[in-house]
There are 4 protein chains.
Amino acid sequence: MCALKDKKQLIISAAIKCFAQKGFHATSIQEIVDTAGIAKGSVYSYFKSKEDLLFVAIKHEYDRMMSGVLSVANDINLTPRERLAAQFQHMLQVTLEYSDFIATLKNETDLMVNDQMKAFLNDMHKADFQWYCQSILAIYGDDAKPYVFDAAIIIQAVVKHFTYMDRVQLESTELTRFFMDRLDDLVDGMIRKQQKPILNKEQSENNANPCSPDTSFSYEDSLKAVQSIRVYIKQSKLETKIKTASLSYLTVLDHEITKDQIDPIITTAMISHLKSLGLAEILINLNNLEHYALNQ
Amino acid sequence: MCALKDKKQLIISAAIKCFAQKGFHATSIQEIVDTAGIAKGSVYSYFKSKEDLLFVAIKHEYDRMMSGVLSVANDINLTPRERLAAQFQHMLQVTLEYSDFIATLKNETDLMVNDQMKAFLNDMHKADFQWYCQSILAIYGDDAKPYVFDAAIIIQAVVKHFTYMDRVQLESTELTRFFMDRLDDLVDGMIRKQQKPILNKEQSENNANPCSPDTSFSYEDSLKAVQSIRVYIKQSKLETKIKTASLSYLTVLDHEITKDQIDPIITTAMISHLKSLGLAEILINLNNLEHYALNQ
Amino acid sequence: MCALKDKKQLIISAAIKCFAQKGFHATSIQEIVDTAGIAKGSVYSYFKSKEDLLFVAIKHEYDRMMSGVLSVANDINLTPRERLAAQFQHMLQVTLEYSDFIATLKNETDLMVNDQMKAFLNDMHKADFQWYCQSILAIYGDDAKPYVFDAAIIIQAVVKHFTYMDRVQLESTELTRFFMDRLDDLVDGMIRKQQKPILNKEQSENNANPCSPDTSFSYEDSLKAVQSIRVYIKQSKLETKIKTASLSYLTVLDHEITKDQIDPIITTAMISHLKSLGLAEILINLNNLEHYALNQ
Amino acid sequence: MCALKDKKQLIISAAIKCFAQKGFHATSIQEIVDTAGIAKGSVYSYFKSKEDLLFVAIKHEYDRMMSGVLSVANDINLTPRERLAAQFQHMLQVTLEYSDFIATLKNETDLMVNDQMKAFLNDMHKADFQWYCQSILAIYGDDAKPYVFDAAIIIQAVVKHFTYMDRVQLESTELTRFFMDRLDDLVDGMIRKQQKPILNKEQSENNANPCSPDTSFSYEDSLKAVQSIRVYIKQSKLETKIKTASLSYLTVLDHEITKDQIDPIITTAMISHLKSLGLAEILINLNNLEHYALNQ
DNA sequence: GATGAATGAGGGTTCATTCAT
DNA sequence: GATGAATGAACCCTCATTCAT
């Protein structure tokens, strides 16, 4: 009964371990199945392809790790400061358990095998960043408001750096205290100095964005992008009504792009509608289209 | 002669550009030569293999970038604080020029194709970190001494994070001011709070060390390592004198390892001599031997 | 200089020979390269895929064979009867030379690996049939007009059967005489009996039609078909003007299909335009769309 | 018992349907079981292998179709002409019911997966042809005798062509009348013109023969063939009496082959006896032996 | 008897590397 | 020195077949 789940998890664990050691592209399916101790063909009972295995594995490990982290981080009996500290502490504690997953994540470019992965990694970074922003605002109040992004990006960088430092065994309680102290130092300093912040909202959203719009996006690329989105939507399981509407928006988009003069209002509106579908798989293409359309 | 150099540089640039976009393993030689506009066979006139191309390209771009950075950073007319600021500023300014190189570096695991690359990346990180340590000590004096590593690792993390944030165009003067201010905030806070530092020298040396000594290094492994080094040195193009001396050191090392009681002084001395040859290819084996010998 | 052409021809010959012996799907690339005496990878220098190799090989052999057949068949110094006889004779004479190609063609279903192949085989059959129709009309005059299709399909069947009868060595002059005599017998009999013919124009067009419109074509299929055509046209090398226009027609088609009531006039017009592009690759989809649209 | 039969028939029907659509090699067991709505393993309860499934399915469908065709065709109350007409008509009427089977047969090469299949398809063609020969002789009398093979091969070609023309719905009564009329035209013409016929008995036997005896059959091959037949008979489920007799015949055959002078009478007799066992599996070997023995 | 997860040989394809021109 | 056709190892993936349940 549980055999299926177990085997899938077995493959995921083996894959994550291999990806951590050699990266996605340098890892062969053979190495994964050898690690898992199963036959080559079995992988394809559970995953459509090597790419799919990567995506499912990353997503699954992320969810597994986050479920623990968030349960602690969202404890409503804690003050915001205690909550952030709790989150730090928990994350540091599970670092070892998820060391392979974390090591796998270090190879951004290598993991971006398709738009789905790009969108997922992007979402991960953004969610991470936003949580820091919220925490900082809650802890330090309105005085810190202008510096939320500046502080968040620093703390994100530091935490990432420490979790990526493999094999170093640091005591998590002390390290948590250290992070909180440094955050205090930073925010206090920022508020005291009252200088212009480095990052505004928009810039911060590009933070560590592994799929920020491709500036070399061409006319042909945009046509392909529309096409690709159309295909995705058509085969999606959206309500018929929404699907039809979305396809209409796409047609409009197509017309706009083909025109000599792109109307930014219409284009933005259409893209906005499509973004609101919440389909991570097409997000990157929408971003690219948006960037292309607004810079013609 | 110059034509040769030009072509080599052309290939390196094309390779770095491709590696930046897709990673090392996902980039084919064909893509590189297409980008460079040359024939496939030509790559092998200048580089032994794809791995060699990666190594030479990374090293070359690193040297090129560093020559600029260091020339500014080592300006003796500046105070230590001004020097660090100058280094920040310069690094931020050249970020765009070296964006492909920087993007290539983001994929640590993907780049570690052999011991040579591992050793080189490790050295890069260490040199970086040590420069920050020295700067901090020089700027903040003895009060900061206990916190040098803590501060250095944070500032390293932050700078790396910002340089890796691609395409975000921030004004370098402001950003430099920002980095310096944050460093002030952090070091001031650390000194004021007078808490126990997080990192000691040893731990800091493992910082972001992608090829720290393999702790599972066995007796057999160490024998193999010595043998492997011996082979490498024999076929190397070192001066005869130096080569002979090095092989003698190796013989001593071999004896030590085989003994029941390894003499740390002798062992360290031999390894130190061998490290001073500057042969990146044997560095990792030397590190592993060192770790093994000192932990018996 | 000719090496490239030679090698391509070598691969084609080997492939056709293998396909003739075992069929397309049962033939591995390894067998083909063993037959050709080259390395596996070389196939992919000349052909995109095994499917592409099949298509190019069939098309190439067909053209090669037809160039000879047609040059004889179109000799304007001959009477229609002599022309048909000349065509028979020539075809029988080259049967041996092209025996592998002819044997390959016996496996209709096995060869229909994609729409391109389906369309090509269909076109082959149709061209064949039409040539017989024209010849019969030219030889026997208006009296034979009602029976053109009936006679043509019989003679086509017989010729095909004899060319497919491998290993039987029949004298081509006698066989040609035989074919002409039998055709005389048949047409004379038909005219004499003055019965209703079996085939009308429409039915005859379905003769051995391996890709007549798929009657189970669904709404989703039609959307996919439009999509597929759009992709094909976009990546085609049509003039920009024509491409743009074609894409507009497609958009209109898309709208029509999505509507509750499909307008047959508009739909037919759009499909007609697209058919006139002469792109064999999209022909089958257009046929399917036409059939679907007109039967809603 | 009946459930078993039903399931076997279910698998056969599903298999034939799939083979018709995509051919044997391009059809996977998975597709067949999906079509049948059963589990993958079940196929192997009823069939030894995919090849066996093909063979049994083809044979089964052929028998099923022929039982109907023959029951009509052998009606002794009809004149020979009425009998042939009845056979035509019946065949045309069941064309739809057996359309998948007929479509499957179109791919001769694809179906020839082993000697068993080759022999079976060959036998099918021969039986077909011989029935036409007999019918023609019975209808047109001795005048037609020289032209029996010529007429039969034409009518076989035409009927095959029409049955292979899928989806064309022609009225079977009219088509039967058409076939009979055309046969009249052809035979009348042949008798009237009194020319030398194209095919003699021997040539006609090669008609569409997909597995005529292997002319390169060697002495060693013939020994192997006898051995192979012996093994097959030993493990067969023949009556003990028949089995013993058959093995004796084989021993005689063995002796003959080993002799310097093979006695054609004895050899032919032995082979004839063995052929009469009706074991398709050994037929091809018997044919090869016969060919070898009679050409020494 | 029925099932479908597991197996691994073998398929098509890619690509680093070589070498004759 | 420059070229790119040729090579074949190794990749990802499919699928006929087996077997424990």
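Chain A is the first sequence line, chain B the second, and so forth, proteins listed ahead of strands; every chain is numbered from 1. Side chains included, hydrogens not; waters and symmetry mates left out as well; all remaining heavy atoms used.
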> Please determine whether a side-chain nitrogen or oxygen atom of Y44(B) lies at a distance below 4.0 Å from atom OP1 or OP2 of dG1(F).
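Indeed not, no polar side-chain atom of Y44(B) lies that close.
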> Which nucleotide, in any strand shown, forms a Watson-Crick or G-U wobble pair with dT18(E), with both distances under 3.5 Å?
dA5(F)
> Would you indicate, yes or no, if dG1(E) has its OP1 or OP2 atom less than 4.0 angstrom from a side-chain nitrogen or oxygen of Y46(D)?
no
> Please confirm whether the shortest side-chain N or O distance from S42(C) to OP1 or OP2 of dT7(F) is below 4.0 Å.
yes
> In whole angstrom, give the distance that lies between atom CD of Q30(B) and atom C1' of dC15(E).
9 Å
> Only pairs with both distances under 3.5 Å count, Watson-Crick or wobble alike; so what is the partner of dG12(E) in this structure?
dC11(F)
> Classify the ring geometry of F101(C) against Y62(C): parallel below 30°, tilted from 30° to 60°, perpendicular beyond 60°.
tilted
> Closer to the 5' end of DNA chain F via nearest nucleotide, is it F24(D) or G37(B)?
G37(B)
> Would you please confirm or rule out a distance under 4.0 Å between OP1 or OP2 of dT3(E) and any side-chain N or O of K7(D)?
yes
> Can you tell me the distance, in whole Å, between the CD1 atom of I38(B) and the P atom of dG1(F)?
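In whole Å, dG1(F) P and I38(B) CD1 are 14 Å from each other.
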> Kindly point out which of dT3(E), dT13(E), dA5(F) is positioned nearest to the side chain of K50(C)?
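It is dT13(E).
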> Is there a donor-acceptor contact under 3.5 Å linking the side chains of E31(B) and T35(B)?
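Not at all, the side chains of E31(B) and T35(B) share no donor-acceptor pair under 3.5 Å.
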> Please give, in whole Å, the distance from dT17(E) P to F47(B) CZ?
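Checked: the CZ to P distance equals 13 Å.
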> Check the distance between dC15(F)'s P and I29(A)'s CD1 and give it to me in whole angstrom.
17 Å
> Could you tell me how far apart K48(D) (NZ) and dT18(F) (P) are, to the nearest whole angstrom?
12 Å
> If only atom types and distance count, is the side chain of D110(B) paired as donor or acceptor with the main-chain N or O of G23(A) below 3.5 Å?
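Checked: no pair found.
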> More 5' along DNA chain E: H25(C) or G41(A), using each one's nearest nucleotide?
G41(A)
> Nearest whole Å is fine: how far is dC15(E) C1' from E31(B) CD?
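Value for this atom pair: 11 Å.
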> On DNA chain E, nearest-nucleotide positions of K40(B) versus S45(A): which is more 5'?
S45(A)
> Starting from P on dA5(E), measure out to CG on D6(A) and report it in whole angstrom.
14 Å
> Whether the side chain of K50(B) engages the backbone of T27(B) through a donor-acceptor N/O pair (distance < 3.5 Å, no angle test) should be reported.
yes
> Calculate the interatomic distance between L10(D) atom CG and dA2(E) atom P; express it in whole Å.
11 Å
> Checking T104(B) side chain against I16(B) main chain: does a donor-acceptor pair fall under 3.5 Å?
yes
